[in-house]
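Quick caveat, the model's predicted, so the values are computed rather than measured. Atom set for the values below is all heavy atoms of this structure, side chains included, hydrogens, waters and symmetry mates excluded.
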Amino acid sequence: MRETFWQIAGGQPERTPLRPRTLGTFERPGYRVEKVVYESRPELSVPANLYVPSAGKPPYPGVLFQMGHSPNGKAAGLYQKCCQGLARLGYIVLAFDPMGQGERIYYPGASGQTRLASADEEHTYPGKQMLLAGGSASQFQVWDAIRSLDYLAAHPQVDPTRLASTGQSGGGTLTMLLAAVDDRLTAAAVASGNTENFACADFNPPGSTDDAEQDLVGSGPLGFDRWDLLYPLAPKPLLILVSDKDAFGTYSPRYISNGWQEYTKLQSVYQALGRKDHLAWASTPLPHGLSYDFRVRIYNWFERWLKGSDRIIEREPAVEPEPDQKLWAGPTGTVVRDFRSATPFQFIRQRAAAIQTPPRPDHLETLLGLENPLPNAPSKVLGRVPSGDIEVQAMEVQSAPRVWVPAWLFVPKTPGAGVILILDEHGRNQHWREGALCEALASEGRIACAADLRAIGDLRPEAGRGSPGHTIPHASEEEYAWASLILGRPLLGQRVADILALVGALNSRGRIAIAASGRLTIPALFAAALSTDIGNVYLSGGLVSFRGVVESEHYKQPLAGLIPDVLAHADLPQLAGSIAPRTVHLAGATGADGQRMQLDAVRRIYPHSNVELSREAGWNAERLLRL
């Protein structure tokens with residue numbers, strides 16, 4: 001399980017010096033708080049609070065407390081209460097800020113808070129870039145936890161044979177990741193973590209997909225799922241705490257039922273190992289949060305398994321959260337300013353710079369997760385109607401089992417030079433009306449086919465079953481793109497398969513040219529690189545390169561157009577050059593930030609003789625008739 005996790009995550013980084021510093025301390029009844037900072041990677045500062053008991057005798061058991069997605073990280077009130085409670089009960093507790101939270105906000109606005117939508121986005125925004133360079137947010141986050149455990153285990157007052165991890169929500173999920181990779185843990189308590197397998201009975205697409213580190217990319221084909229993270233810990237003591245209400249709005253509707261099914265499987269392993277009492281499940285009817293009852297259960301779990309005590313803790317010790325600023329390791333509350341810390345983006349850019357993209361793309365089918373194409377691209381015409389001298393056909397082409405791609409086909413009375421396949425990012429219904437693009441092309445003798453691809457137009461996903469608060473926001477292209485990556489079938493690859501099926505169905509009608517706009521320019525270019533049945537390609541307003549995405553701190557590219565580890569095998573300029581002598585026309589090409597690039601800058605990236613450029617993202621019949 002551990003080997004598979006590291007394979008999914010992108011490999012295990014190298015341990016480097018922690019360079020720890022204690023920057024301040026203050027006393028409270030029963031404990032003191034030390035403000036510390038250390039480096040999980042060279043020049044990447046991790047700020048933390050170390051809670052040290054003032055009663056009892058060292059060495060103390062050590063607890064690594066991992067944060068949920070609180071914008072203020074380790075200063076969140078409920079998390080402080082748990083850390084203080086544990087300290088007053090005789091545990092040394094290390095609470096650190098994860099990537100994008102507390103003192104580690106990497107995309108600050110004018111107020112100092114994140115300018116992104118949430119703390120989740122502080123994880124996912126760089127997480128998408130990490131995928132392109134062969135890494136992942138899962139790797140980044142768990143490595144911070146491992147190095148934090150290094151710091152805790154080395155503390156002179158900590159007993160390194162009695163180490164535990166706990167956390168709620170995202171901190172519960174990070175505890176699961178740590179449990180998968182670190183033998184030093186003696187016990188763990190996962191509170192409201194994403195204890196829901198992706199492949200489960202009565203699966204509700206797209207499943208529980210949210211921040212990047214919990215989405216185990218490529219895990220499906222390897223038979224690895226979220227509960228598999230916990231098996232390496234067995235048979236050590238493990239407490240699973242769940243909010244019954246989390247199945248209604250926080251995670252997917254299968255959160256509790258699937259979690260219980262997987263818990264009973266893990267329970268049989270604990271029983272076979274003679275430690276059935278080392279595994280426990282407890283629930284609360286309260287909503288998502290580290291509630292009082294959860295905290296007391298955590299205290300009792302660690303009291304039993306880290307201290308071997310029969311004492312039952314019925315009430316939480318006196319706790320009082322501190323103001324955020326009191327817990328800051330640095331004077332201004334941002335590691336970038338206070339310690340000149342590196343950022344995740346800087347690490348991504350450095351990693352990408354070491355990757356040499358080959359001049360000829362390779363392993364495209366594997367990268368895209370392409371399935372074997374259906375024989376003869378089955379298609380059917382659902383209806384025919386006249387529109388003047390043009391026949392309009394409503395057709396469908398089967399691109400995968402149970403997947404039919406819808407298209408409008410405009411056929412002139414006397415067809416001329418082949419077919420123009422139109423892939424508009426807003427869907428096929430943009431161009432069917434009288435006098436619109438498809439009719440204008442057909443009136444000049446060209447067959448025009450306007451099609452939708454998966455998650456576009458009429459193939460957009462419907463909302464799944466369950467709470468509207470969960471299912472409606474998750475019925476989006478972005479969430480389905482994450483689900484597709486988890487299952488090993490990138491949405492980009494699915495769209496390429498749709499294009500290849502359309503080409504197969506239209507091939508008998510003559511040479512096929514493709515005109516694509518916006519985010520559909522990427523699958524169009526991949527399809528042209530894979531099929532010689534595609535002729536010239538016109539790309540309007542499309543991304544210039546994947547490398548530009550990893551080199552831009554402020555990119556604006558959806559996940560649906562990205563695939564893991566792509567830079568080691570292909571980039572868009574190399575794809576364009578590989579289809580020569582066929583022509584690729586880039587009209588109004590954009591950088592990673594979505595802004596139109598100057599032609600001379602585009603030409604430096606595309607020096608190929610088969611690539612034509614124009615500044616404006618033209619999208620009209622006059623331009624497309626030149627294909």
Sub-3.5 Å donor-acceptor pair from the side chain of [X] to the main-chain atoms of [Y], do we have one?
X    : Y    : value
T124 : D120 : yes
Q494 : R489 : yes
Y106 : V336 : no
T471 : S467 : yes
D225 : A199 : yes

Should the pair [X]-[Y] be classified as a salt bridge under the 4.0 Å nitrogen-to-oxygen rule?
X    : Y    : answer
R596 : E616 : yes
R147 : E39  : no
D215 : R226 : yes

Roughly how far, to the nearest 0.5 Å, is the [atom2] atom of [Y] from the [atom1] atom of [X]?
X    : Y    : atom1 : atom2 : result
C449 : L502 : SG    : CG    : 5.5 Å
D144 : L44  : CG    : CG    : 6.0 Å
H474 : S252 : NE2   : OG    : 8.5 Å
Q598 : R604 : CD    : CZ    : 10.0 Å

Q) For atom CZ of R460, is the number of surrounding heavy atoms from other residues, nucleotides or ligands below 6.0 Å larger than 12? A) no

Would you say [Y] and [X] are linked by a side-chain donor-acceptor pair, where the criterion is simply a distance under 3.5 Å?
X    : Y    : value
T357 : D571 : no
Q214 : T173 : no
S169 : H288 : yes
N429 : W408 : yes
Y251 : S192 : no
Y79  : Q168 : yes

Nearest heavy-atom contact between G493 and L370 is O-CD2, 3.2 Å

Note: R351 and G134 closest approach over all heavy atoms is NH2-O, 3.0 Å

Requested in this report: With salt bridge (charged side-chain N to carboxylate O under 4.0 Å, His left out) as the test, would you mind laying out the steps for R454 and D498 before giving the verdict?
Outcome: CA-CA 7 Å; R454 271 174 264 193; D498 293 342; 2.9 Å; yes

- Query: Would R626 and E612 count as a salt bridge (charged side-chain N to carboxylate O under 4.0 Å, His left out) if you check the C-alpha gap in whole Å, the side-chain angles of each, and the deciding distance to 0.1 Å?
  - Reply: CA-CA 12 Å; R626 301 175 197 167; E612 300 174 352; over 6 Å; no

Using side-chain heavy atoms (C-beta onward) and a distance below 4.5 Å, is [X] in contact with [Y]?
X    : Y    : value
F546 : V550 : no
L572 : F526 : yes
P344 : Q129 : no
P126 : Y107 : yes

Could you walk me through whether R340 and E43 pass the salt bridge (charged side-chain N to carboxylate O under 4.0 Å, His left out) test, one step at a time?
-> CA-CA 8 Å; R340 296 185 179 179; E43 299 182 1; over 6 Å; no

Tested for side chain to side chain contact (heavy atoms under 4.5 Å, CB included) against D452, the lone hit among D424, D458, L520 is D458

F140/H123 aromatic ring centres below 6.0 Å: no

For H431 and W619, take the angle between the two ring planes, folded into 0 to 90°, and tell me which bin it lands in: parallel under 30, tilted 30 to 60, perpendicular over 60. tilted

| Derivation and outcome, side-chain hydrogen bond (donor to acceptor under 3.5 Å, both in side chains), residues S552 and D593 | CA-CA 7 Å; S552 173; D593 60 0; over 6 Å; no

